Amino acid sequence: MLVLGIESSCDETAAAIVENGRTIVSNVISTSVAEQALYGGVVPEIASRRHAEFISATVQKAFSDAQLTPADLDAVAVTFAPGLIGAVLVGVSFAKGLAYSANKPLVGVHHLRGHIAALYLTHPDLKPPFLCLVASGGHSHIVQVEDYTRFHVLGRTVDDAAGEAFDKVARTLGLPYPGGPSVANAAKTGNPHAYRLPVPHVEGKYNVSFSGLKTAVLNAVNQAQMKGEPISVPDMAASFQERIDSILADKLLLAAQDTGAKTICLAGGVAANGRLRALLNEGAQKLGARLCLPRTALCGDNGAMIAAQGYYEYQAGNRAGLDLNGLPTLPIDYQ
Ligand code: KG4
Ligand code: ZN
């Protein structure tokens with residue numbers, strides 16, 4: 001079964017064709033990230049406009065790379081929530097037009113479910129149930145993936161998402177957007193024990209909180225500036241990365257231990273972080289659990305993950321009508 005996946009919830013305009021939810025036939029990503037970097041973050045209005053400009057050529061390239069036409073598809077899947085609403089609606093409207101004109105079923109896909117499905121594209125034998133940390137620019141969830149379309153949220157951030165914390169700390173340190181890769185890069189030459197950063201207290205055993213950590217970095221930078229002392233960007237980047245990654249890894253491993261999960265996974269843009277991947281590798285080995293990580297190229301937003309999840313939503317009988325709307329927020333365990 002061939003599914004086209006369309007993604008436009010943030011600053012990537014992406015389209016891909018995936019066979020049976022597991023095999024990528026084509027995968028095309030256009031992005032306005034360089035332009036967004038000029039503003040230090042995503043400007044929703046610019047994202048929407050660039051999606052409108054890029055989407056036809058992106059989808060066309062997904063077809064030409066795959067040497068397929070819309071008539072060959074079995075379904076059209078599209079991210080309908082959560083995300084920047086103006087951006088989401090560009091993908092949703094385009095997908096509807098395509099589904100209508102090609103007379104194909106339309107499937108709405110939850111963006112975070114899509115991030116989890118990137119794991120199916122990397123590990124052909126991975127099947128639910130498993131425990132997954134989904135960490136992106138807008139969300140940080142510890143989720144029990146009970147089945148392909150059934151999820152139970154064990155914990156979440158009570159304030160900033162992990163990716164958002166990376167982005168804000170990068171800005172404080174004068175590093176470019178997106179913050180995750182630039183903090184990770186600066187951290188390579190830094191000492192992770194140079195600055196003592198707090199572990200924020202949070203209610204809820206599997207919840208996380210990053211706003212206090214972000215403020216601690218900001219305070220340290222401000223205090224150094226007031227005293228006329230230099231701050232070492234590599235050392236602060238490394239100290240922050242070590243702290244946030246160990247909080248994320250510890251929470252996921254604690255949840256794995258408590259629930260007896262045999263397979264633990266990581267997904268979302270922050271899953272590209274090398275130190276987080278290494279910490280989870282060590283922890284999973286100690287627990288005797290299998291660790292599955294998405295291929296780095298599939299951690300960020302892409303159409304293949306939406307097509308993969310679209311396949312499983314379709315198999316579960318979830319079809320959207322041509323009145324499908326976009327939603328800025330929606331829990332991952334929606335019914
Ligand atoms: O999943 P994603 O591509 O988009 C959203 O759904 O939000 O995640 C983007 C987030 C950004 O905050 C970015 O800074 C972060 O993922 N990110 C990283 C890394 N690469 C991207 N965070 C830490 N380390 C990285 N290597
Ligand atoms: Zn995402």
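Note that ligands are numbered from 1 as they come in the structure, with each ligand's atoms numbered from 1 the same way. The chain is numbered in sequence order, starting from 1. A quick note: this is a predicted structure, and the numbers were derived from the prediction, not measured.
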If you measure from atom 13 (C) of ligand 1 to every heavy atom of D167, V169, V42, which option wins on shortest distance? D167
Starting from atom 2 (P) of ligand 1, find the nearest protein heavy-atom neighbour and note its residue, name and distance. D301 OD1, 3.5 Å
Does a side chain donor of either D258 or Y206 reach within less than 3.5 Å of an acceptor in the other side chain? yes
Contact with ligand 1 for G138, non-hydrogen, under 4.0 angstrom: yes
What is the nearest protein non-hydrogen atom to atom 24 (N) of ligand 1, stated with its residue, atom name and distance? N273 ND2, 3.0 Å
Closest heavy-atom approach to atom 21 (C) of ligand 1 among A135, G300, G269, G274 is made by G269
Just to confirm my output: which protein heavy-atom neighbour is closest to atom 25 (C) of ligand 1, and how far is it? G180 C, 3.6 Å
A272 neighbourhood, listing ligand 1 atoms whose heavy-atom distance to it stays under 4.0 Å: 26 (N)
Side chains of C299 and P294: closer than 4.5 Å at any heavy-atom pair? yes
Can you sort out which atoms of ligand 1 are near G163, meaning under 4.0 Å from one of its heavy atoms? 12 (O)
Are I264 and L253 packed together at the side-chain level, in the sense that at least one heavy-atom pair is separated by less than 4.5 angstrom? yes
Please confirm whether F166 and F240 have ring centers closer than 6.0 angstrom. yes
Ring centers of Y120, Y148 separated by less than 6.0 Å: yes
Let me check your reading of the structure: within less than 2.8 Å of the Zn ion (ligand 2), is there an N/O/S atom from H115? yes
Quick check on contacts: which atoms of ligand 1 are under 4.0 angstrom from a heavy atom of V270? 16 (O), 18 (C), 22 (N)
Which one holds for E12 and ligand 1: side chain close, backbone close, both close, or neither close, with close meaning a heavy atom under 4.0 Å? neither
For the residue pair I247 and L213, establish whether any side-chain heavy-atom pair is separated by less than 4.5 Å. yes
Going by the order shown, which atoms of ligand 1 are within less than 4.0 Å of some heavy atom of H111? 6 (O)
Would you give the angle at the Zn ion (ligand 2) between H111 atom NE2 and D301 atom OD1, to the nearest 10°? 100°
Taking atom 7 (O) of ligand 1 as the reference point, the nearest protein heavy atom with its distance: G137 N, 2.8 Å
Can you check side-chain contact (heavy atoms from CB on, under 4.5 Å) on V33 and Y177, steps first, answer last? CA-CA 8 Å; V33 69; Y177 177 85; 4.0 Å; yes
For S239 and Q241, does a side-chain donor sit closer than 3.5 Å to a side-chain acceptor? no
Please tell me if the side chains of L324 and V78 come closer than 4.5 Å, counting only heavy atoms from C-beta onward. yes
